[in-house]
Amino acid sequence: MGRYFLKRLLQGVVVIFGVTVLVFVVTRLVGDPVKVMLPLEATAEQRAEFERQLGLDRPMAVQFVDFMGGLTRLDFGESLWQRRPAMTIVLEKLPLTLQLAFLGVGLALMLSIPLGILAALRPGGLADRSTVFLSLIGLSVPQFWLGLLLIVILAVQLHWLPTSGIGTPAHLLLPTVTMALPALARLVMIVRSSMIDELNQQYIKTCFAKGLSFRRVIGVHALRNAALPVVTLCGWELIRAVAGYSVVVETVFAWPGLGLTAIQALERDDLILLQAIVFVVAILVVAINILMDLVYKAIDPRLELA
Amino acid sequence: MSCTAGPLLLEIENLVVHFTTRHGVVQGVRGVNLQVAPGETLGIVGESGSGKSVAVQAVMGLINVPGEIVEGEIRWKGRSLLGRDGRAHLDAVRGREIAMIFQDPMTSLDPLFRIGTQITEVLRRHLGMGRKRARERAIELLELVDISAPEKRLDQFPNELSGGMRQRVMIAAALACEPELLIADEPTTALDVTIQAQILELLAGLQERLKLSVIMITHDLGVIAQMCHRVAVMYAGQIVEVGLAEDIFEHPVHPYTQGLLRATPRPDEVTERMVAIDGMPPNLIAPPAGCAFAARCACARECCGLPPELTPCGEDRLVSCWCAGQQQPG
Amino acid sequence: MNTADLHPDPRPRRFASVQGLFGELWRDKAGFLGVALMGALLFMAAAAPLLAPHPPTAQDLRARLVPPAWEEEGSRKHLLGTDHLGRDVLSRVIYGARVSLAVGAVVVLLAGSFGVVLGLLAGYRGGRTDSLIMRWIDTQVAFPGLLIALIILAVIGPSMLTVILVLAFNGWMVYGRMTRGLVLSVRQTAYVEAAEMVGCSATRVIFRHILPNLTSPLLTLAILEFARIVLAEAALSFLGMGIQPPATSWGLDVAAGKNYMFRAWWLVTFPGIAISITVLAINLVASWLRLISDPQEREKQFARQMRALSARRRRRRPEAVTP
């Protein structure tokens, strides 16, 4: 077990390193960060002064070493926009993003399991056909548009919920639903197809022949065997929620998490803050992957964690 | 091999099972009649696709879309197992009074649950046993099927056991509630030859000790010879011959049975070539109107265009053939 | 009971004629709808200049925020209304198809080619090459794609070309993984082993024996990726890091319409519907393809249809029995 963890951590380090180096390269080498960060009228002297302040006039290798050094101390420097340590800002906003991502995917998972099972029990029946149909629609609708629609219909026309921001559980509802719906569409299809596959297996016949209750055969035996692909997809959805969809959903709902902050940093060309955000997100991705592996092992004790 | 007398346990009357596929409706079982008395072992022998597995799966209520029981009656101790009322009877009886074991022990056990759980869940479901008592009983059952170190085995997973041991576990789970009928669907086909012999011996022993009735499904005549009192020969979804096992081996009447026996290699005979039955089984989407074996039968006549029925032929023998009785015993 | 044993299908698996293809399509109504919609969209994109009533960038400041024709203040001249600069929404929707479909197609081609080549290399060569490539894939898959895409686009400047490059950069791994997996499993089949033993050159083995088995699953994957790319481009444009004005993109229009969401609902609605219909059509085509290329799937589909049919029949005549 210990060896497995070490290996995964090592892989994770490689990933995080790769990501951070990539961002470093992109921001320093490609494009001109100084030009991007300063107003147009800046004189040559002001530019030179700015460069020296940021350490951008030094050779690239030195900059890199310095950067890596800061990395180990988790020091990315000060955000150009907010004039505070970038890492502090990131750690402030992180919980909000996590909240949205986990609630959204969690909601999707909770709904997808009963729906998927119902659909799998009677392929071709009403539950099946409507699940497939609604899932297809859910997969095709762009998430940002869905969020906007929900705002227009529920918040504006019906005045049931607030349109944006944070504070109360009511504020949490629409962003969570927007986050959950595409994930639900994908998860329910996997639950359904995985359950259908399991229900065709021989051991299910044995279970029925043993006279076990329907609920036990489906809900305990079949479900646990069907869980693996669902867990895989769940992990994938969590990762995409944290690393991708959060940007979109938080923008639509003005939810002040990492995603919205990333966009704001982009708009203000605050490359330092961006680097810090990317770094933390990469760590999250690796952490979620490891978490998923642990869940696999809990479900299927035969699995050799290689 | 003795049988206890008594009313029939299982009666299958005119069972018809169809499978609806893209290519047409496959008539898997075309009018099967069988009875099982207490304490007897009935063998059902036939090649792949003859319908033997489907027939017993119908008894256990395991026929599902695209399959469907179209006609016929199945009775356990006089009460029907089909239809809405039969469903309740089936639920009460399945796993408890009738048990079934399957062909491939590798896929027949749930890979994610421990052996112990897969046995105790039967006990807790049907007999309402508490956890501790169920565990004790599970150990007893494992000992009954000759598994060594039963306490250790309880906590193991199916993939940690060999094929033979897995099959023994299946038998243990099947016998947990002391059923009266055990249906064994090719229990040894997927096992090594040496293990086969062990399992068959185990089953024979259990049959005697527990006074079980057994339905043994196989394509291997040797298994029939070893274990069964009576045997039914199935071909193309129908029963073509039924009788006492010893009798049928010595005096097979139906040409198909004769062909099967001829094709079985015997260690005491020296032959140069194996004798096979010419031709192929018929397509069950459009089965022939008359005798299904007529196309491959040496003595086929005009009357074989009409479907024959199981008629008595000699003592304790039923044969479905127009030429019955006029054939030379092979 | 294995029904396939009883009656081996005498019909050849591949379609002997275009007619066969149409027959298949007609039977699966959803697939038919998908293909029909895709055709309509392609036509719309290709014939945009002919179909659109106005140029998409033509501003008419006197006709700003005009609602769709069926509303009170709507006008026949602008069937779906106009935006805050007086540009015709219908025309922008029609022209928007060009961008979405073009970006999708090019990205799939780029990412797909790269991914398939690498997957072939990894699967065929095996050993060091394989583990190196797979490790690269595993690492890159763990990158937070959207964030990196945004940063790269912010730095090098967003445009149709850069969007395509970034989306391809982020999207090739899935082709690589699938190709490698397929190559490995196909290589184990008896006839490929035989070909290699007989002495066929590597290229011959790859092209004549391995590749034909890959086309079907890869095609389905490509189509699904196509759908994903359309959504991704829309999201990037929505965030302002995708297609830039004066080019027309559905995502861009939704972003612009967001500011007038509460007054002019049509600005956000119609481009969004366009995206949804496009992606839906692509998904329908993909699932239809998966259906016809996998005989097991067709059998399952058939079983589902029969089940629905018999359920309906049983409801109408409870005593009747299926023949």
Side-chain angles (χ1 to χ4, degrees), chain A residues 113 117-129 191-232 293-306, chain B residues 53 56-57 59-66 87 90-114 117-127 155-160 166-167 169-170 172-177 179 182-185 190:
Chain A
I113 293 181
I117 294 182
L118 260 168
L121 285 176
R122 290 185 187 281
L126 186 63
D128 185 30
R129 279 175 297 147
V191 171
R192 170 186 171 272
S193 73
S194 193
M195 278 299 284
I196 290 181
D197 281 342
E198 288 310 312
L199 289 175
N200 281 329
Q201 295 297 317
Q202 179 62 38
Y203 69 85
I204 294 290
K205 282 210 161 115
T206 309
C207 286
F208 278 122
K210 290 201 284 197
L212 299 177
S213 72
F214 189 77
R215 201 190 311 170
R216 186 168 171 91
V217 179
I218 304 295
V220 174
H221 284 274
L223 192 56
R224 180 146 4 145
N225 278 273
L228 269 182
V230 179
V231 166
T232 310
D293 277 349
L294 288 177
V295 175
Y296 284 158
K297 183 81 177 163
I299 292 181
D300 186 352
R302 304 171 297 166
L303 273 185
E304 298 285 326
L305 287 176
Chain B
S53 286
V56 296
Q57 281 183 15
V59 172
M60 293 295 273
L62 295 174
I63 302 286
N64 260 316
V65 170
R87 188 82 215 177
L90 180 67
D91 282 340
V93 150
R94 194 159 64 163
R96 192 176 178 162
E97 293 176 33
I98 318 179
M100 186 158 174
I101 60 176
F102 297 89
Q103 176 175 336
D104 185 1
M106 178 114 81
T107 55
S108 297
L109 291 173
D110 188 332
L112 298 185
F113 285 80
R114 299 180 203 272
T117 316
Q118 301 200 42
I119 300 181
T120 54
E121 63 183 352
V122 183
L123 294 166
R124 298 179 73 178
R125 160 82 174 155
H126 293 297
L127 305 178
D155 293 323
Q156 285 183 331
F157 289 93
N159 65 305
E160 300 177 67
R166 274 184 231 137
Q167 194 61 291
V169 168
M170 279 249 284
L175 298 178
C177 302
L182 175 68
I183 303 180
D185 188 353

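In what follows, chains carry the letters A, B, and so on, assigned in the order in which the sequence lines appear, proteins first and then strands, with residues in each chain numbered from 1.
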Asks: Under 4.5 Å heavy-atom distance to chain A, tell me which part of B:Pro111 shows up: side chain, backbone, both or neither.
Replies: both
Asks: CG of B:Leu112 to CG of A:Leu223: how many Å apart, nearest 0.5 Å?
Replies: 11.0 Å
Asks: Checking heavy atoms, do the side chain of B:Leu109, its backbone, both or neither come under 4.5 Å from chain A?
Replies: backbone
Asks: Could you show, one pair per line, the donor-acceptor contacts under 3.5 Å between chain A and chain B?
Replies:
from     : atom 1 : to       : atom 2 : distance (Å)
A:Tyr203 : N      : B:Thr107 : O      : 3.1
A:Thr206 : OG1    : B:Ser108 : O      : 2.9
A:Phe208 : O      : B:Arg94  : NE     : 3.2
A:Ala209 : O      : B:Gly95  : N      : 3.3
A:Lys210 : O      : B:His126 : NE2    : 2.9
A:Lys210 : NZ     : B:Gln118 : O      : 2.8
A:Lys210 : NZ     : B:Glu121 : OE2    : 3.3
A:Gly211 : O      : B:Arg125 : NE     : 3.0
A:Arg216 : NE     : B:Glu121 : OE1    : 2.6
A:Arg216 : NH2    : B:Glu121 : OE1    : 2.8
A:His221 : ND1    : B:Asp110 : OD2    : 2.6
A:His221 : NE2    : B:Glu121 : OE1    : 2.9
A:His221 : NE2    : B:Glu121 : OE2    : 3.1
A:Asn225 : ND2    : B:Asp110 : OD1    : 2.8
A:Asn225 : ND2    : B:Asp110 : OD2    : 3.3

Asks: Mind checking what makes side-chain contact (heavy atoms from CB on, under 4.5 Å) contact with B:Ala174, not counting sequence neighbours?
Replies: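 B:Ala174: side-chain contact (heavy atoms from CB on, under 4.5 Å) contacts with B:Ala99, B:Ile101, B:Leu182.
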Asks: Relative to chain A, which segment of B:Met170 carries a heavy atom at a distance below 4.5 Å: side chain, backbone, both, or neither?
Replies: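 Contact with chain A: side chain only.
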